[in-house]
> 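Starting off with a structure, shown below.
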Protein chains: 2
Amino acid sequence: MTENRKPPTASEIVIPEPTLRRIPMYYQYLKRKQQDERLDASSSTTMAADLSLNPIQIRKDLEWIGATGKPRTGYDIEILLAHMEDFLGYNNAHDAFIVGAGHLGQALLGYEGFEDYGLNIVAAFDSDPAKADMLVAGKKVLPMEKLEDMVKRLHILIGILAVPSYEAQTVCDRMVAAGIKAVWNFTPYHLTVPDGVIVQHENMATSLAVLANKLEVALRKAREQGNHHDHK
Amino acid sequence: MTENRKPPTASEIVIPEPTLRRIPMYYQYLKRKQQDERLDASSSTTMAADLSLNPIQIRKDLEWIGATGKPRTGYDIEILLAHMEDFLGYNNAHDAFIVGAGHLGQALLGYEGFEDYGLNIVAAFDSDPAKADMLVAGKKVLPMEKLEDMVKRLHILIGILAVPSYEAQTVCDRMVAAGIKAVWNFTPYHLTVPDGVIVQHENMATSLAVLANKLEVALRKAREQGNHHDHK
DNA sequence: TAGATTGTTAATCGATTAACAATC
DNA sequence: TAGATTGTTAATCGATTAACAATC
């Protein structure tokens with residue numbers, strides 16, 4: 001194909017990550033609005049107020065997923081949700097394997113709602129023989145030895161890493177060698193992968209650092225105000 | 001030394017969030033370098049290569065936590081780690097409660113490494129009487145009724161929400177009423193809290209959306225290239 | 001019509017990256 | 001000294017916010 005003028009190719013236009021990260025929030029919010037309050041339209045103004053965001057930002061975000069609204073009434077929630085599901089891959093879910101069936105792995109296995117976002121966890125793997133053939137949330141825990149074979153047979157593209165940090169790189173290498181193209185990493189270990197393989201880091205410490213810092217700043221401010229108070 | 005001229009008040013200078021989010025990654029990386037490779041210095045150049053970041057960005061980040069390096073040799077890892085621990089609150093940890101002792105709650109209770117980042121999980125609470133007085137990772141699971149009393153008695157400031165999404169707001173309200181100032185929310189529910197209370201959202205769907213999107217873009221690109229290939 | 005809301009174009013803000021002098 | 005690396009100042013880039021005309 002490769003048509004001429006239109007500066008970036010289709011495959012080069014990529015949604016900004018901040019926008020992408022907000023879509024699931026909108027989705028969750030709107031679904032609730034629809035189910036609990038039986039609303040069928042919502043304006044960027046009300047959404048912004050409820051979610052503590054800027055209405056202009058919301059309109060820009062919604063533009064990215066191809067949604068349009070009506071002046072005076074806002075956006076049709078039904079249509080908006082459909083757009084989002086489409087965008088997030090609800091209608092084109094990817095299969096995934098989890099490696100590591102500890103508490104975290106089991107929590108992920110049981111997490112409902114991944115399907116909404118296009119992820120279908122098929123099974124888990126664990127090196128502990130005691131866990132082999134266990135069922136968690138209706139999904140099988142298989143022995144590690146079967147990993148490569150199963151990845152190939154089912155053409156799995158996504159691997160979820162919920163193993164101890166010191167095993168992360170080894171397991172990741174095995175996944176990649178077997179054909180996995182995207183790794184969702186729940187360990188704090190910074191993985192090295194070949195070109196073309198995607199790694200998404202889910203680092204709890206990162207979030208915690210943000211939370212602790214905000215709290216610290218707030219406490220500092222409170223203390224200062226306290227002082228000023230004393231002071232006068 | 002606290003010299004004069006510096007326009008904004010101490011409490012107004014706040015580290016940029018992107019920088020803050022990278023600190024734990026540096027920390028984890030450097031600790032490994034120190035322990036596994038017995039290195040005692042590292043340059044922004046090598047760190048950048050290993051972590052796929054820009055060296056200038058790393059230098060700027062390190063400046064924020066007050067670290068300095070030496071031309072030619074780089075940064076002293078020992079000192080760097082100390083700075084980071086100090087910055088992340090390792091020496092000034094906050095106590096926290098978890099509410100919800102399901103798989104996720106138990107995974108969090110057992111997560112080692114929170115201490116490194118200034119968080120000390122004291123106990124968990126669960127409404128399921130079967131779980132009452134259970135021990136997880138050496139920490140007690142207490143019945144929900146005791147929540148308010150314990151928060152007040154121990155002056156807990158941080159609450160971790162690992163309950164089902166439909167209970168999130170109710171439990172959050174109870175936490176806040178009892179005096180909790182920061183809520184780490186692991187449910188997908190968007191919480192409403194009074195002014196002055198901090199909420200940190202740990203939304204798995206958000207990360208997943210990013211991962212799925214990157215994979216989709218990569219597959220699209222691969223497909224396109226495949227076509228071009230065919231084509232010529 | 002009047003008024004709220006969309007959607008677009010322009011301005012602002014902040015983070016990343018570049019350029020380069022200072023330094024060990 | 002020569003050369004790699006720091007740290008600072010300036011340029012760039014991208015996201016957020018503002019302004020406002022179009023629209024139902």
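Quick note: numbers below take in every heavy atom, side chains included, and nothing from hydrogens, waters or symmetry partners.
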> Figure out the CH2/P separation between A:W64 and D:dT16, and round it to whole Å.
12 Å
> Identify which one of B:Y117, B:Y90, B:Y27 satisfies the side chain to side chain donor-acceptor pair (under 3.5 Å) criterion when paired with B:E85.
B:Y27
> Would you jot down, in residue-number order, the residues of residues 21-48 of chain A having a non-hydrogen atom under 4.0 Å from DNA chain D?
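Nucleic-acid contacts, sorted: A:R22.
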> Taking for each residue the nucleotide of DNA chain C bearing the nearest heavy atom, is the 5' side occupied by A:K70 or by B:R72?
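Result: A:K70.
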> Tell me the interatomic distance from A:I65, atom CD1, to C:dG7, atom P, rounded to whole angstroms.
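Distance check: A:I65 CD1 to C:dG7 P gives 12 Å.
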> Counting only side-chain heavy atoms from C-beta out, which of D:dA15, C:dA15, D:dT23 sits nearest to B:P18?
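Within the option list, the nearest is C:dA15.
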> Quick test of your reading of the model: are B:E63 and B:R59 salt-bridged, counting only N-O distances below 4.0 Å?
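No, B:E63 and B:R59 are not salt-bridged.
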> Is the number of heavy atoms from other residues, nucleotides or ligands within 6.0 Å of CD (B:E78) greater than 12?
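No - once you tally the heavy atoms of other residues, nucleotides and ligands closer than 6.0 Å, there are 12 at most.
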> Are side-chain heavy atoms of A:H83 and A:D86 found at a separation under 4.5 Å?
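Result no, sub-4.5 Å side-chain heavy-atom pair not found.
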> For a quick test of reading the model: is some side-chain N or O of B:Y75 closer than 4.0 Å to OP1 or OP2 of D:dG7?
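Checking D:dG7 against B:Y75, a side-chain N or O does come within under 4.0 Å of OP1 or OP2.
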> Determine whether B:D116 and B:K31 make a side-chain contact, defined as any pair of heavy atoms from C-beta on separated by less than 4.5 Å.
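In short, these two side chains touch, coming nearer than 4.5 Å.
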> Decide yes or no for B:L108 and B:F186: does some side-chain heavy atom of the first lie under 4.5 Å from some side-chain heavy atom of the second?
yes
> Quick one: look up who C:dC24 pairs with, Watson-Crick or G-U, both distances under 3.5 Å, and put none if it's unpaired.
D:dG3
> Given atom CG of A:L80 and atom C1' of C:dT6, what is their separation to the nearest angstrom?
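Rounded to the whole Å, the gap is 13 Å.
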> Quick one: look up who C:dT16 pairs with, Watson-Crick or G-U, both distances under 3.5 Å, and put none if it's unpaired.
D:dA11
> When B:W184 is tested against each of B:V199, B:L119, B:L161 for side-chain contact (heavy atoms from CB on, under 4.5 Å), which residue passes?
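That would be B:L119; it is the only one of B:V199, B:L119, B:L161 passing the side-chain contact (heavy atoms from CB on, under 4.5 Å) with B:W184.
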> Just wondering, are more than 12 heavy atoms of other shown residues or ligands nearer than 6.0 Å to CD in A:E112?
no
> Whole angstrom is fine here: how far is it from CG in B:D76 over to C1' in C:dC24?
15 Å
> Residues of residues 51-62 of chain A with any non-hydrogen atom less than 4.0 angstrom from an atom of DNA chain D: list those, numerically ordered, please.
A:N54, A:I56, A:Q57, A:K60
> Which nucleotide wins on minimum distance to the side chain of B:E63, given the candidates D:dT8, D:dC24, C:dC24?
D:dT8
> Quick check against the 3.5 Å criterion: does B:H201 have a side-chain atom that pairs as donor or acceptor with the backbone of B:Y189?
yes
